[in-house]
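Letters go in sequence order (proteins before strands), and every chain restarts at 1.
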Amino acid sequence: MATEEVVNLHAEAHHDAHDEHHPETFLTKYIFSQDHKMIAKQFLYTGMFWAIVGAFLSILFRLQLGWPDTAFPFLETILGKWAEGGKISNDFYYALVTMHGTILVFFVLTAGLSGTFSNLLIPYQVGARDMASGFMNMLSYWFFFLSGVVMFCSFFVHTGPASGGWTAYPPINGMRDVAINKGSGLGLDLWIISMALFIVSVLLGGLNYVATILNLRTKGMTMWRMPLTIWAFLFTAILGILSFPALLAAVVLMSFDRLAGTSFYLSDIVVNGQLLSHHGGSPILFQHLFWFLGHPEVYIIIVPAMGLVSEVLSVHARKPIFGYRAMVFSLMAITVLAFLVWAHHMFVTGMNPFAGSIFVLFTLIIAVPSAVKVFNWITTIWRGNIRLNPAMLFAIGFVSMFISGGLTGIFLGNSAIDIPLHDTYFVVAHFHIVMGVAAFFGMFAGVYHWFPKMFGRHMNDTMGYIHFYGTLIGAYAIFFPMHFMTGIPRRYARFDSFEFANNFGGLNKFISIVAMIVFVLQLMFVLNVVYSSLRGRRMKSLNPYGATTLEWTTPIEHFHGNWAGEIPEVHRWPYDYATNGQEYITQTTPLSEDELAH
Amino acid sequence: MTTILGIIIIVCILLVIFYVARTVELTKELKGEADDTESTSNVQGYLMLGFLIAFFIGITWSSIYFIPKMLPAPSSVHGVEVEKLFNMTLFFTGIVFVVTHIVLFWFAFKYREKKGAKAYHFSHSNMLELLWTAIPAVVMLVLVVKGLVTWLSIFPDTKTLTKDTMVIEVTAQQFKWNIRYPGVDKDFGSRKIDTAHIGIATPDVWWKNELGIDWTDKASHDDFFADTLYLVKNKPVLMKLGALDVLHSFYLPHFRVKMDCVPGVPTTFYFIPNESTVEKRKLLSKLPEWQKINPETGLPKYATFNFELACAELCGRSHYNMQRYVMVVEQAEYDAWVLSHTPIYAAVEKAQNDALAKLNGSETSNAILSDSLKVAVDSQLVVELASNEVVLEK
Ligand code: HEM
Ligand SMILES: [Cu+2]
Ligand SMILES: [Cu+2]
């Protein structure tokens with residue numbers, strides 16, 4: 001077969017290069033590394049940094065929501081003019097929520113999650129010595145890094161950071177020098193530059209992942225023998241490559257409006273009694289472009305988590321994943337449908353009701369493959385012999401969160417019900433549970449599970465258990481009651497201007513307190529990662545979980561090239577658990593006489 | 001000081017947990033039990049079961065506690081339909097939620113790792129997979145059909161609306177609502193979006209005609225602005241929505257109405273309020289939650305209940321503060337209310353005359369107030385009509 005030849009050729013070429021043994025300096029080994037394992041660690045650490053920043057911002061605005069009338073003098077100490085007298089100004093409140101959303105959606109759950117695990121696992125699990133292009137891979141990280149630097153700087157400019165929402169809708173974000181919003185000046189310029197750099201990073205990374213998965217599979221690793229993690233990373237990369245350019249186009253056109261006076265998104269705007277010269281554009285156009293990225297983006301976040309969880313559930317239940325092909329086809333369906341539902345974020349923008357109907361149809365159809373995945377995960381652990389370590393607990397927690405949050409999507413996807421629910425706390429509950437918390441759970445499952453592979457050491461399980469129960473209970477305590485705030489508008493800095501919205505003062509305090517506790521727990525996780533990577537219990541066996549996939553055949557010590565000798569050949573699918581009376585059979589084990597190939 | 005103390009306490013707690021956790025792991029390792037996952041799996045299995053029970057108790061308790069605090073039942077015809085659809089969806093999703101959670105955590109407990117136990121090889125079953133593709137598909141189909149019937153009924157063709165439909169124009173701007181009624185002739189004066197109409201009305205009076213109302217159109221002469229949105233019970237109303245500066249969203253929570261207000265792109269929303277404010281108060285007076293005394297007014301909560309208009313699309317720093325009351329009244333009361341308003345045209349004319357008179361008298365005055373119109377020359381001030389508070393924009 002042609003593909004196999006290519007694989008072989010490439011493997012050999014790579015091997016030769018490896019024999020030369022370039023001397024590695026500190027700079028090439030740790031900073032400008034082209035090794036996928038090092039780049040994965042870079043993404044992980046950068047992602048953790050941003051997670052702490054993003055979560056800290058949420059603690060600040062939860063203080064405002066919990067105690068809108070209380071002054072906290074320390075806020076003035078750290079925020080200066082943005083919190084005069086210890087009370088967060090409205091301008092800065094909106095900057096906080098905007099940056100919280102941007103950082104967590106893009107920097108943490110897109111780059112931090114995909115960047116870490118696609119990089120770590122794609123070469124390992126398909127049996128490649130590295131990514132198709134190590135150089136592009138390095139660039140991908142450094143564009144991400146740069147984009148973070150720019151975003152970070154935007155906190156310190158005189159306008160404050162962007163404050164018009166993570167969705168950056170015009171016209172509030174579409175006019176630069178019109179005094180309608182503080183953060184829409186320099187702060188938003190930096191936001192746009194940062195996003196543009198970020199998109200470059202996603203595209204470089206994504207193309208590399210696709211190229212590696214399609215071309216660098218080892219001998220015998222057919223597509224249908226790839227672990228679900230790899231399928232998930234493949235679909236994630238495809239989603240990213242096809243959707244992020246729409247965001248780039250959207251923000252570039254917006255920059256023209258802002259800087260060159262064009263009117264892509266602006267028309268008939270009156271500010272301070274003055275008619276601006278913009279004419280003929282439509283703010284709704286931006287929303288179409290934004291959500292053409294925005295909806296696939298939420299799947300870019302959840303699909304890799306789904307992949308990680310599928311793998312972790314199967315390994316620790318000691319059972320094959322149930323319905324492997326159905327899992328792949330449902331991912332495929334989700335990937336395709338993800339491009340056909342974007343306008344469910346726009347049901348009340350005045351769109352044609354008939355057009356809305358089409359989006360209702362596709363949106364609710366997406367629930368079907370999602371449901372199939374849930375049922376298959378549950379069946380995977382049925383009659384297993386489940387090792388309940390922190391990785392497995394987080395994987396089970398993921399399934400719970402995905403169910404809870406996915407079900408509320410069915411309400412929102414039905415346009416008639418969305419009329420009262422849109423832009424209220426019901427939506428906040430929905431997407432934090434299904435995307436925020438679930439994706440974090442998938443990421444935690446991945447970190448606990450593959451930590452030995454990354455660092456050659458184990459994490460501290462006791463802290464892992466505390467982390468898990470604290471986060472599970474805390475996350476539900478924070479987000480479940482938000483369903484009762486159905487009808488209360490989101491993005492309100494305080495609720496007492498309205499009788500109908502002012503009923504939940506006690507709940508808001510409760511949520512804020514739990515949020516702080518959960519935040520501290522996450523610091524404990526970071527501590528665990530940092531400490532264990534340096535001092536944790538050493539990994540003794542190559543394959544501590546009895547897993548079947550290729551990454552557990554590589555040596556504990558990392559070196560560029562992954563396998564010292566030949567890359568092993570693959571003979572079977574990755575889910576031969578509890579087969580033929582054996583607990584597990586690795587992918588590299590040749591078939592026995594009477595066995596059929598899978 | 002308290003901050004530093006707080007941080008120190010948090011760090012201490014973290015360190016304590018850290019050292020305890022480290023000791024636990026180290027002793028395990030010394031005892032050679034580090035790879036013994038079975039005993040921990042056993043404990044974790046029970047904890048998962050415990051979580052399941054606690055979770056359901058938490059949900060039940062919070063539902064009992066919070067549901068009475070939620071928005072009251074809808075007060076519009078379509079709102080009732082939407083509520084039905086919501087409840088139907090809640091029914092289906094509720095079943096799935098409860099069943100899948102019980103099964104998930106029960107399996108985690110039941111099949112926790114045991115020495116010598118073997119996992120059961122079960123890699124696929126076409127029957128099962130077909131079943132749980134088909135059932136959700138059918139349920140979704142039911143929800144889509146029901147949903148779309150409701151959805152399409154909410155947006156009738158505006159050309160076929162009956163004569164008795166009331167039309168009200170609401171134009172949002174940072175951070176207020178301009179609520180314009182067509183007056184006794186039931187016809188709006190047209191608006192012209194150009195610099196000849198928008199901006200300073202005359203050099204002497206700084207009334208910014210931000211809506212661009214065309215005074216040469218006679219229909220405009222009886223149009224008036226209101227600071228409360230008045231609706232008539234059981235009378236269909238078509239809201240004509242727009243915005244001047246940024247996106248806003250016209251949100252009437254009690255009527256389940258929401259529609260974005262978009263600069264340059266007009267939108268509409270049609271609905272029928274079916275409970276008057278007075279009736280709603282009476283209905284609410286039967287609910288214990290609403291009988292509670294509001295400490296600020298000293299009255300029961302239902303007695304001061306009002307429908308409200310809010311903004312639901314992020315529009316800037318005072319987005320949370322774009323409040324207006326909505327009154328639903330009987331026709332007669334509405335008619336009287338209409339008559340009590342001075343049309344904009346008359347108000348502006350009067351203000352102009354006043355201004356001219358004043359200017360002729362004294363050159364120094366540059367801010368003139370008339371009863372129905374506050375006029376400010378300072379361009380930093382947003383001019384507010386009638387009794388609305390002035391929003392200062394610095
Ligand atoms: C069962 C499948 C799902 C359905 C039917 C669904 C439906 C919807 C709908 C209709 C909205 C718009 C609500 C509104 O703004 O009024 C929405 C919002 C959202 N959904 Fe989902 N959803 C589903 C699953 C997911 C998943 C898996 C994720 C992410 C992993 C996700 C993330 C989000 C986010 C982030 C938003 C809010 C964005 C914003 O307005 O800031 N949803 N969902
Ligand atoms: Cu979406
Ligand atoms: Cu607003």
If you tally heavy-atom pairs under 4.5 Å against chain A, which of [options] wins?
| options | answer |
| --- | --- |
| Val145(B), Leu241(B), Ile59(B) | Ile59(B) |
| Leu47(B), Thr304(B), Leu141(B) | Leu47(B) |
| Thr150(B), Leu85(B), Asn126(B), Thr267(B) | Leu85(B) |
| Glu81(B), Met259(B), Lys146(B) | Met259(B) |
| Lys110(B), Lys114(B), Glu129(B) | Glu129(B) |
| Val103(B), Val257(B), Leu128(B), Leu152(B) | Leu152(B) |

Please determine whether a side-chain nitrogen of the Lys or Arg among Arg256(B) and Glu83(B) lies less than 4.0 Å from a carboxylate oxygen of the Asp or Glu.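 Yes, charged N to carboxylate O under 4.0 Å.
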Do we see a donor-acceptor contact under 3.5 Å between the side chains of [X] and [Y]?
| X | Y | value |
| --- | --- | --- |
| Trp132(B) | Asn376(A) | yes |
| Ser249(B) | Glu313(B) | no |
| Tyr265(A) | Gln287(A) | no |
| Ser532(A) | Asn460(A) | no |
| Thr579(A) | Asp576(A) | yes |

What part of [X] is in contact with chain A, defined as an atom under 4.5 angstrom from a non-hydrogen atom: side chain, backbone, both or neither?
| X | answer |
| --- | --- |
| Gln323(B) | both |
| Val144(B) | both |
| Thr37(B) | side chain |
| Met322(B) | backbone |
| Cys261(B) | neither |
| Phe105(B) | side chain |
| Thr268(B) | neither |
| Leu309(B) | backbone |
| Leu90(B) | both |
| Asn306(B) | both |
| Ile193(B) | both |
| His78(B) | neither |

Side chain, backbone, both or neither: which part of [X] has an atom under 4.5 Å from a heavy atom of chain B?
| X | result |
| --- | --- |
| Arg325(A) | neither |
| Ala477(A) | neither |
| Leu521(A) | neither |
| Ala326(A) | both |
| Phe480(A) | side chain |
| Tyr465(A) | side chain |
| Lys182(A) | both |
| Met175(A) | side chain |
| Tyr531(A) | side chain |
| Ser163(A) | backbone |

Is it the case that over 12 heavy atoms from other parts of the model lie below 6.0 angstrom from the NZ atom of Lys28(B)?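 Counting other residues, nucleotides and ligands, NZ of Lys28(B) exceeds 12 neighbours.
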Among [options], which residue has the highest count of heavy-atom pairs closer than 4.5 Å to chain B?
| options | answer |
| --- | --- |
| Pro170(A), Gly413(A), Ser400(A) | Ser400(A) |
| Asn385(A), Asn90(A), Val270(A), Val374(A) | Asn385(A) |
| Asn173(A), Ile321(A), Thr424(A), Thr379(A) | Thr379(A) |
| Asp268(A), Thr486(A), Val348(A) | Val348(A) |
| Asn389(A), Asp418(A), Ile473(A), Leu393(A) | Leu393(A) |
| Phe74(A), Phe411(A), Phe347(A) | Phe411(A) |

Answer yes or no on whether Arg494(A) is positioned over the face of Tyr492(A), meaning its NZ or CZ is under 6.0 Å from the six-membered ring centre and within 45° of the axis. no
Is it true that the NZ or CZ of Lys319(A) lies under 6.0 Å from the centre of Phe322(A)'s six-membered ring and within 45 degrees of the ring axis?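 No, Lys319(A) does not sit over the ring of Phe322(A).
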Ring centers of [X], [Y] separated by less than 6.0 Å:
| X | Y | answer |
| --- | --- | --- |
| Tyr93(A) | His319(B) | no |
| Tyr320(B) | Phe495(A) | no |
| His121(B) | Tyr577(A) | no |
| Phe55(B) | Tyr476(A) | yes |

Is there a ring-ring contact (aromatic ring centres under 6.0 Å, His included) between His316(A) and Tyr545(A) once you walk through the steps? CA-CA 7 Å; His316(A) 295 298; Tyr545(A) 307 124; 4.8 Å; yes
Does Tyr325(B) form a ring-ring contact (aromatic ring centres under 6.0 Å, His included) with Phe307(B)? I'd like the steps, not just the answer. CA-CA 6 Å; Tyr325(B) 286 118; Phe307(B) 297 121; over 10 Å; no
Can you tell me how the ring of Trp382(A) sits relative to the ring of Phe107(B), calling it parallel under 30°, perpendicular over 60° and tilted otherwise? tilted
Hey, can you tell me if Phe498(A) and Phe500(A) have their rings parallel, tilted or perpendicular (30° and 60° cut-offs)?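 The rings of Phe498(A) and Phe500(A) stand perpendicular, inter-plane angle above 60°.
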With no hydrogens and no angle check, is any side-chain donor or acceptor of Thr77(A) less than 3.5 Å from a backbone partner on Pro73(A)?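 Yes, the answer is positive, given that a donor and an acceptor are paired below the 3.5 Å cut-off.
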Decide yes or no on salt bridge (Lys or Arg N to Asp or Glu O under 4.0 Å) for Lys301(B) and Glu289(B), but give the supporting numbers first. CA-CA 8 Å; Lys301(B) 272 162 75 182; Glu289(B) 176 68 25; 3.3 Å; yes
